Each structure stands twice: as C-alpha cells, then as structure tokens.
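What you see is a predicted model; the values in this text were computed from it and never measured. In each ligand, atom 1 is the first atom listed, and ligand 1 is the first ligand listed.
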Amino acid sequence: MVNHVEKLAIHGGEKVKTTPFGTGKRFGFEEVTELVEALNQNTLFYHFGTKVKTFLNDFNAMYGIRYSVAASSGTAAIHVALGAAGITVGDEVITSPITDQGTLVGILYQNAIPVFADLDPHTYNMDPRSIEARITPRTKAIVVVHLAGNAADMDAIMAIARKHKLKVIEDCAQSYLTRYKGRLIGTIGDYGCFSTNDFKHISTGDGGIVTINSGEEADYHAAHAFADKNYQRFGTNVQKDLYTLAPNYRMTELQGAVGIAQLKKLGHICDIRQRYGDKITAGISHLRGIHVPRVDEGNYCTYWFYMFRLDLDQLTCTRTEFCKALEAEGIPNMEGYISDVAYMQPLFQNRTAYPGSHFPFDISGITYERGLCPVAESILQTAVRIQVNEFFTEKDIEEMIAGIAKVIAFYEKK
Ligand SMILES: *Cc1c(COP(=O)(O)O)cnc(C)c1O
C-alpha cells in the first residue's frame with residue numbers, strides 16, 4: 001500500500017460516496033393482505049381474532065419456545081416481564097446505563113429501583129463482574145440489554161442470577177435473531193422482551209413481545225394477565241377479580257396482522273445486517289485509532305446499528321472533527337448513541353420519577369453520581385455510530401469502509 005493521504009472532502013477534496021444509499025419498502029402486499037383479513041374478522045380484539053395469536057405462534061415456532069405474550073410496545077413488554085416476575089416496591093433491578101429509556105420505565109412503574117452496572121468496553125454490554133458487585137439484599141432481577149444486535153455474556157450472567165436467586169429479563173429490542181453460543185437470545189433468561197416499534201428490525205408501528213422461558217403455564221398466565229389489566233382471559237373462562245395492579249398493554253389485531261407478514265422477512269433482514277456489520281468490522285479493524293465492536297466467538301450479531309470507538313490518543317482530531325469529516329465524505333454518522341449514560345438524566349439526578357416525590361428512590365436512599373459506570377461513560381464519549389440497513393448495497397458498505405479509512409489516514413498520528 002502506498003502511504004498516500006487523500007485530500008478530505010471537508011477540505012475541498014473529492015467525496016468517497018457520491019451515489020445515494022440503497023433504499024426499499026418495508027411493507028408490501030403481504031402486509032396489506034393480512035390487514036384486510038384482520039378487518040374482515042369484524043373484530044380487532046386480540047382475544048376474539050386470530051392475527052395476534054398467529055403472530056405469536058409464528059414467533060414461538062421461530063424461537064423454538066412454548067409461550068409468549070403480545071404487548072403494545074417494547075417498553076410495555078419489559079414492564080410485563082417485571083410484573084410477571086413479581087418485581088415490586090423497593091426491589092432493586094440491575095440494568096445497563098446505555099439503553100433506550102424503555103428499559104427503565106417498567107422498573108420505575110413497579111416502584112422498583114434501577115441500579116446501573118458498568119459495561120464491557122468493546123461489546124457495550126453489561127460486565128458480569130460489575131453486575132455481581134452491585135447486588136444487595138434488595139436485588140431481585142437483572143434486565144440484560146443486548147445492545148445493537150450483540151449478545152451479552154449470558155453464561156456468566158445466568159450463573160450470577162442462579163447463585164443470588166435473581167430473575168433475568170432480556171431486553172432484545174435491538175437484537176432480533178441474535179445468537180449467543182448458538183442459542184437465540186431472548187430464550188436464555190426467564191423472560192425475553194422484543195419491540196416492534198417503527199425503528200426496529202421489524203415494525204408493526206408499535207408493539208412488543210414477551211417470551212416466557214420457564215415453559216410453565218402459570219408463568220405464561222401471569223404474564224398474559226399483566227398485559228391485560230390482570231384479567232385472566234383464557235379460552236371462554238374470563239376471570240376479572242383484581243388482587244394487584246396491572247396496566248392495559250394489549251396488542252390489536254392490526255398490529256398482529258402486520259407482524260405476521262413482517263416475521264416472514266425477519267430472517268432475511270437479520271442475515272443481511274449480520275453480513276454487512278461483520279464486513280465493516282473486517283474492513284476497518286486494522287485501522288489505527290479505531291476499536292471495532294467485539295462479537296464474541298460463536299455469537300451472531302444482527303447489528304441494529306454499527307458503533308465503533310475512536311482511540312483519540314492515536315489521532316490528531318477530536319471526535320466531532322472526525323464525524324464531520326466522515327459526513328462530508330458522504331457517510332452519515334452520529335457521535336455516540338444516547339447523549340449521556342441513563343443515570344445522568346434529570347430524573348435520576350433529581351430522583352423524581354413522580355413529580356414532587358422522591359419515591360421509590362428514598363426507600364433505599366440511592367443516589368446516582370457521574371463516574372458510577374466509567375466504562376459506559378467513556379464509550380459514549382468516544383463512539384461513532386453508523387447505520388446498517390438491509391436495503392444498503394455491498395457497494396454502500398464498501399464505500400462506508402473506504403470513507404472511514406480515508407478520514408483515519410488523514411488524522412492518524414504519524
Ligand atoms: C426500542 C427499545 C426499547 C423500547 O421499545 P418501544 O417499543 O419503543 O417501547 C427498549 N429497550 C431497548 C434497548 C430499545 O432499543
């Protein structure tokens with residue numbers, strides 16, 4: 001290779017990417033057909049119609065599981081799992097500080113207390129040693145976030161959970177068909193939660209799924225009831241006695257109908273994203289100043305997005321300068337993911353889940369300080385995120401790699 005540094009587009013040089021990224025339609029005739037059938041049922045209620053039931057049956061078959069429950073969102077799915085697991089007032093739930101806030105909502109609505117574990121610097125998933133260090137007598141559950149299609153270290157996490165008798169809820173909202181040592185994530189913990197919001201691998205507009213992995217009918221019934229105001233709606237026998245509180249998170253037949261058609265596309269979507277993500281890693285892992293995301297041996301990552309980290313000691317630029325230069329090359333990108341770790345949100349800093357109250361934080365007196373999870377904080381300060389999409393072409397991916405390589409070549413310390 002010649003050590004020739006090209007003029008960056010941001011300095012007036014030629015752009016790496018001059019053609020638009022591949023695009024496509026997510027919804028087609030298949031969805032329309034299912035929707036028309038749903039409407040022709042003359043009911044859009046999941047319990048009377050067949051669409052939500054078929055959607056779940058198809059999902060169960062794909063995942064090799066017996067029981068799952070539909071919900072109105074991924075946030076709702078996680079709340080359902082927590083409710084079904086019996087998480088209640090003053091319990092502590094350990095989770096990740098780099099996630100969508102949907103991971104945290106259900107914890108707080110159960111009046112339980114989120115406790116944040118630090119992350120692995122290269123998978124961006126929870127570090128089992130940090131999880132174990134955060135366990136107290138109040139700890140009841142771990143919500144494991146599998147970030148951006150990459151599996152967390154489930155063997156170690158399940159061993160800790162069994163030792164301390166904790167429930168494990170997998171947040172798989174960003175990780176459809178992700179595999180951990182060959183096993184599908186979402187089937188390893190007690191519950192697995194998925195989102196079908198419009199930004200996920202598949203969309204029903206909004207929606208969610210909870211897997212019940214014990215295979216026990218009683219656990220299935222508890223989850224099913226928690227998504228439906230605690231109505232016990234099984235067969236023709238409906239029991240409406242209320243012993244504890246549960247929300248209405250029902251999925252409608254319209255979402256179920258779209259979900260049936262979307263599930264048929266999921267394998268293809270995940271295969272392409274996996275291939276593209278791994279191709280980017282292969283294309284940029286040798287570059288100085290770049291740390292690629294690590295997918296552990298034997299795992300299968302379905303890249304909801306692709307996030308690498310800059311080693312700024314090896315570069316003459318800031319992250320902002322790098323990102324702007326990459327953008328100018330025709331490669332859209334974002335600095336980091338969420339703007340800061342979850343516990344720096346005012347909600348946690350002021351300890352105000354509910355206006356005018358410090359409940360449930362005052363039960364334990366917990367506070368959330370900068371520096372609580374130093375690795376997570378440094379990930380967000382050094383990460384660069386680029387999109388991976390099943391509609392992109394091989395050439396799009398090659399140009400992304402070329403763009404990153406060009407910007408690095410300019411800024412790497414000589
Ligand atoms: C999207 C997402 C959620 C929430 O899903 P919604 O359907 O938007 O409620 C929860 N956790 C993670 C990690 C997510 O990416």
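- By the 30° and 60° cut-offs, the orientation of the rings of Phe226 relative to His79 is perpendicular.
- In this structure, Lys395 fails the cation-pi test against Phe392, since its NZ or CZ atom is not both closer than 6.0 Å to the six-membered ring centre and inside 45 degrees of the ring normal.
- There is a side-chain donor-acceptor pair under 3.5 Å between Thr281 and Tyr306.
- Remark: minimum distance from atom 11 (N) of ligand 1 to any protein heavy atom is reached at Asp171 OD2, 2.7 Å.
- Nearest non-hydrogen protein atom to atom 9 (O) of ligand 1 is Thr75 OG1, 2.4 Å.
- Between Phe361 and Tyr368, the ring planes are perpendicular. Angles over 60° get that label, and only those under 30° would be called parallel.
- Residue Val145 places no N or O, backbone or side chain, under 3.5 Å from any N or O of ligand 1.
- A heavy-atom separation below 4.0 Å is not found between His146 and ligand 1.
- Protein heavy atom in closest approach to atom 8 (O) of ligand 1: Asn197 ND2, 2.8 Å.
- Judged purely by distance below 3.5 Å, without hydrogens or angles, the side chains of Glu132 and Ser130 never pair a donor atom with an acceptor atom.
- Here the heavy atom of the protein found nearest to atom 15 (O) of ligand 1 is Gln174 NE2, 2.8 Å.
- When hydrogens are left out, the protein atom nearest atom 1 (C) of ligand 1 is Lys200 NZ, 1.4 Å; that is the closest non-hydrogen contact.
- In this structure, Phe59 and Tyr63 have parallel ring planes: the angle between them is below the 30° cut-off, well short of the 60° mark.
- Remark: ligand 1 atoms within the under-4.0 Å shell around heavy atoms of Thr99 are 13 (C).
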